[in-house]
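Single-structure report; data block below.
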Number of protein chains: 2
Amino acid sequence: MSTTYPRGFTAAAATAGLKPSGTPDLALVVNTGRSDAIAAVYTANRCKANPVLWSERATADGRARAVVLNSGGANCYTGAFGFQTSHQTAEETAELVGTSAQDVVVCSTGLIGVGGEDFRAKILAALPGLAADLAGTPTAGQAAARAIMTTDTVPKTVALDGPGFRIGGMAKGAGMLAPALATMLVVLTTDAPLSAAQLDAALRAATATTFDRLDTDGCMSTNDTVVLLSSGEGAEGDGAAVDEAAFARALADACADLAGQLHRDAEGAHHDIAIEVAGAATEEDAVAVARAIARSNLFKAAIFGEDPNWGRVVAQVGTTDAQFDPQNIDVAINGVQVCLGSAPHADPAEVVFARRVDVRVDLHTGGAAATILTSDLTHDYVEENSAYAT
Amino acid sequence: MSTTYPRGFTAAAATAGLKPSGTPDLALVVNTGRSDAIAAVYTANRCKANPVLWSERATADGRARAVVLNSGGANCYTGAFGFQTSHQTAEETAELVGTSAQDVVVCSTGLIGVGGEDFRAKILAALPGLAADLAGTPTAGQAAARAIMTTDTVPKTVALDGPGFRIGGMAKGAGMLAPALATMLVVLTTDAPLSAAQLDAALRAATATTFDRLDTDGCMSTNDTVVLLSSGEGAEGDGAAVDEAAFARALADACADLAGQLHRDAEGAHHDIAIEVAGAATEEDAVAVARAIARSNLFKAAIFGEDPNWGRVVAQVGTTDAQFDPQNIDVAINGVQVCLGSAPHADPAEVVFARRVDVRVDLHTGGAAATILTSDLTHDYVEENSAYAT
């Protein structure tokens with residue numbers, strides 16, 4: 001179950017030949033319903049990839065019918081030619097599915113700088129076959145989710161039900177996961193009859209506490225895109241209203257589910273780390289402190305070595321502007337209170353490590369809390385990312 | 001030649017038994033000259049170690065006579081007991097060298113959380129022997145430089161002459177090198193007859209463009225201390241004035257020399273990377289962009305793999321608030337213009353790698369430039385930092 005789970009969506013996958021592996025690398029999701037509302041969130045990186053520059057324009061009016069995605073090349077920093085490629089991809093797709101180019105979102109993922117003539121030719125040649133295979137089946141949705149994988153080891157999908165609506169989705173992303181959604185492509189679909197503005201509000205709220213709090217390696221991508229399309233075919237098929245709050249909760253659940261899948265499949269990770277900062281004056285403070293810890297290579301290497309090195313945690317707290325008393329910080333690792341009042345407490349040898357590592361920091365300043373998900377720094381991470389281009 | 005190179009300084013080293021290796025771990029530098037002026041710069045980390053909390057008070061009046069340093073324990077996050085240890089260390093040292101505790105700077109380096117009763121007892125027991133060995137010889141200065149090493153593979157020292165004055169120095173630091181001077185202890189000595197205010201101005205200017213631009217792993221330490229002591233014995237021994245601008249230049253040279261030594265000895269590094277950002281609107285912009293690149297694990301892993309992955313460079317430019325045109329960024333790696341106008345240019349295969357890697361980014365926005373020194377992300381870095389505490 002994936003993007004085709006809600007009523008009014010079809011999907012397909014194809015092999016354009018962009019990946020040396022010869023596996024599927026092109027996906028298409030089409031909204032065939034009565035509504036063409038869409039909401040989208042893009043990377044905060046100021047150097048955006050060409051497909052993002054294209055799609056920002058395409059979704060500015062809150063309307064779109066199709067999302068075409070490729071792996072095997074990011075089409076980023078490929079100049080005017082690269083932008084033309086995204087534009088042409090949208091034109092051809094629009095022609096094939098019966099809409100206008102301005103209603104086609106384009107997403108690319110892969111190596112930056114890849115997006116030349118060969119790249120364009122392969123995509124354009126594969127589009128007709130891709131469109132011909134569109135189907136509303138679970139198999140089609142699953143195939144699309146597989147086609148957008150890069151270094152992902154498993155496809156990531158979600159499907160859930162709410163009162164009168166369904167939500168489906170697929171995601172890719174394994175490295176470069178960082179704030180403001182780093183190389184992550186997410187297509188969410190729903191049949192909830194909601195306006196573009198309603199979808200936008202729900203999507204921004206959901207991403208702020210899910211994808212935005214996944215920070216595996218601190219690197220912000222140039223291609224991140226999260227879109228949410230509504231076919232309007234829900235509420236028992238009659239387009240009646242659905243409860244907006246219930247939809248927002250369900251969407252947040254779907255995003256949290258996909259974010260968790262991305263977290264567990266992070267490149268080279270041996271430990272899935274959740275850093276909860278409690279007792280913060282504000283939620284912003286909690287996020288800032290948790291993110292600072294999540295970005296410490298020394299802390300991340302220590303967790304790889306299963307060394308409950310709480311000193312590297314407290315040291316990162318000190319790099320932030322958050323409100324706290326340097327003499328009153330507590331740190332627990334997997335439930336063992338290794339640091340109390342900024343001093344050693346329980347014996348770190350008591351900490352039992354597993355794949356999942358929970359770090360809890362208490363700032364004793366207020367009532368706000370937040371959790372950032374990150375990964376340890378491993379030999380495999382170094383290996384995967386030093387050999388990626390070759 | 002080291003801290004004893006200028007007239008009016010003695011130094012010594014001892015083995016207190018803090019390091020499991022049994023190598024020297026205690027050092028002392030004493031100013032025996034007519035002046036007791038000192039300037040100091042400390043970590044910007046808000047969670048400071050106890051010796052830093054002590055030394056900030058000791059140097060607040062611009063006067064100090066001695067610096068006592070230990071490796072084998074950071075005495076950080078060790079509570080009130082740890083602060084008392086720093087205080088007591090200063091008291092005992094003052095007694096032994098004939099000054100007041102308020103004129104003794106204390107520096108510690110090693111593992112955070114180490115600074116208990118055993119740590120204190122070993123230091124206090126070793127101080128009399130340490131003081132008894134004080135000498136103004138090159139050998140004594142060199143021994144002190146060796147005693148402050150932690151994961152450093154070589155001692156770092158400097159000695160140079162200016163018109164009417166000498167400058168000497170020693171430094172330690174291999175990991176946790178980051179902005180605002182990360183675990184770096186630096187003792188600089190001079191016989192230039194300058195006031196504390198003059199020393200302070202020269203020191204702040206010198207550190208801002210040297211130690212502050214060394215960012216090997218983005219981790220800011222809790223113990224960083226850079227001090228500059230003047231004996232006033234220079235200018236031909238008659239205490240006559242020296243040229244302040246000449247001194248500032250010489251001090252900057254000495255700091256750059258030590259920073260270069262720290263850079264080349266960074267933990268686990270296989271490549272010494274210099275990231276120059278030119279064409280920036282302001283020097284702050286240039287520093288911000290270069291630092292963002294220096295902190296990208298993806299970029300650092302690529303350099304380890306000798307992959308001239310310029311896309312990871314441009315992506316980091318985009319994460320900053322600096323002024324630039326996303327369509328007009330140039331990147332050269334070891335002189336090969338791999339990216340021109342934010343698009344591929346020369347074949348990355350032309351890049352020849354060596355231990356030293358020069359990355360040059362041109363923002364085409366203004367005339368400011370800055371260089372940040374960093375290291376690649378290697379298996380050795382992961383290994384050293386995952387096994388450090390055990």
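Each chain gets a letter, A, B and so on, in the order the sequences are listed, and its residues count up from 1.
When each of B/H364, B/R360, B/H345 is paired with B/D330, the side chain to side chain donor-acceptor pair (under 3.5 Å) condition holds for B/H364 and for no other.
Taking A/V314, A/T78, A/D376, A/I303 one by one and counting their heavy-atom pairs under 4.5 Å with chain B, the maximum is reached by A/V314. Considering only heavy-atom pairs separated by less than 4.5 Å from chain A, the leading option among B/G115, B/G116, B/A292, B/A343 is B/A343. Per-residue counts of heavy-atom pairs under 4.5 Å with chain A were compared for B/L377, B/T378, B/D325; the largest is that of B/L377. Interface remark: of the candidates B/K48, B/R46, B/Q327, B/R46 forms the most heavy-atom pairs closer than 4.5 Å to chain A.
For B/I329, the part sitting under 4.5 Å from any heavy atom of chain A is the side chain, from C-beta outward, and nothing else. Neither the backbone nor the side chain of A/F81 comes within less than 4.5 Å of any heavy atom of chain B. For B/L340, no part sits under 4.5 Å from any heavy atom of chain A, backbone or side chain.
For the residue pair A/K300 and A/S375, no side-chain donor N or O sits within less than 3.5 Å of a side-chain acceptor on the partner. For the residue pair A/T109 and A/N223, no side-chain donor N or O sits within less than 3.5 Å of a side-chain acceptor on the partner.
Ring-plane geometry between B/Y77 and A/W310 is classed as tilted, the angle between the planes lying from 30 to 60 degrees on a 0 to 90 degree scale.
Ring to ring, A/F304 and A/H379 are close: their centroids are under 6.0 angstrom apart.
Contact between A/V317 and A/T320 at its shortest, heavy atoms only, is O-OG1, 2.8 Å.
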